[in-house]
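Accompanying notes for the structure given below.
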Amino acid sequence: QGEDSYQCDKCDRLTNATRTSHLVSLPNNLILTLSRFRYSMAEMRMNKRMDPVVIAPTLTIATTTYTLNAMIIHSGSSANGGHYYAYSQLPIATVDSQGEKLNTPVRHWYRFDDRSVRETDFESIRQSCQSEAL
């Protein structure tokens, strides 16, 4: 709507539209990007969307379930500045105390921020994504 309307080739004017994508087949690994910046014609500059982002540990499409493994975060309120950091889920154990292989490795979340790495948990990440200007 408004300045985000699409230019219609048939009627040669701006119109409301819905953009969709269809997957012909599902990939083994799914990479999603959220476009949080948009160009404002009124202000003649890039602006950052400030609404909260709701994340889930898994995403199911058709019969395939994807597990969230990593995120790159832009923190800050401007497209012209801010700070990037990352979260990643890493396996810390693939065998149990008797040396038996685990069906599902034990995984922990970590925050990678410039010169520091610290362990965190998914709930802290979720709350951060809903409150920070990502």
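Below, all heavy atoms of this structure are taken into account, side chains as well, without hydrogens, waters or symmetry copies.
When all heavy atoms of Met46 and Phe37 are compared, the pair lying nearest together is CE-CB, 3.5 Å.
To the nearest 0.5 Å, atoms NZ (Lys48) and CZ (Arg38) are separated by 13.5 Å. The NE2 atom of His108 lies 11.5 Å from the OG1 atom of Thr120; values are rounded to the nearest 0.5 Å. For the atom pair Met71 CE and Ile125 CD1, the distance stands at 4.5 Å (nearest 0.5 Å). With values rounded to the nearest 0.5 angstrom, Asp113 atom CG is found 13.5 Å from Tyr84 atom OH. The distance from atom CD of Gln127 to atom CZ of Phe122, rounded to the nearest 0.5 Å, is 11.0 Å. Here the CZ atom belonging to Arg118 is positioned 12.5 Å from the OH atom belonging to Tyr110, to the nearest 0.5 angstrom.
In this structure, His74 contributes its side chain and Gly81 its backbone to a donor-acceptor pair below 3.5 Å.
Applying the 6.0 Å contact sphere to CG of Leu90 captures more than 12 heavy atoms from other residues, nucleotides or ligands. In Ile31, the CD1 atom is not crowded: 12 or fewer heavy atoms of neighbouring residues, nucleotides or ligands sit closer than 6.0 Å.
Using a 4.0 Å cut-off between charged nitrogen and carboxylate oxygen, Asp121 and Arg126 do not count as a salt-bridge pair.
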Enumerate donor-acceptor pairs with a distance under 3.5 Å from any side-chain N or O in residues 53-69 to protein atoms, sequence neighbours excluded.
unit_1	atom_1	unit_2	atom_2	d
Thr60	OG1	Thr65	OG1	3.0
Tyr66	OH	Pro27	O	2.7
Asn69	OD1	Arg107	NH2	3.1
Asn69	ND2	Thr67	O	3.2

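Counting heavy atoms from C-beta on, the side chains of Asp51 and Arg36 come closer than 4.5 Å. Between Ser128 and Tyr87 there is a side-chain heavy-atom pair separated by less than 4.5 Å. Between Phe112 and Val117, some side-chain heavy-atom pair lies under the 4.5 Å cut-off.
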Start with the C-alpha distance between Gln7 and Leu14, add both sets of side-chain angles, then the distance that settles side chain to side chain contact (heavy atoms under 4.5 Å, CB included), and finish with yes or no. CA-CA 5 Å; Gln7 180 67 35; Leu14 293 176; 3.6 Å; yes
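Criterion: ILVMFWY side-chain heavy atoms under 4.5 Å apart, direct or through other members. Under it, Tyr85 and Trp109 are part of a common hydrophobic cluster.
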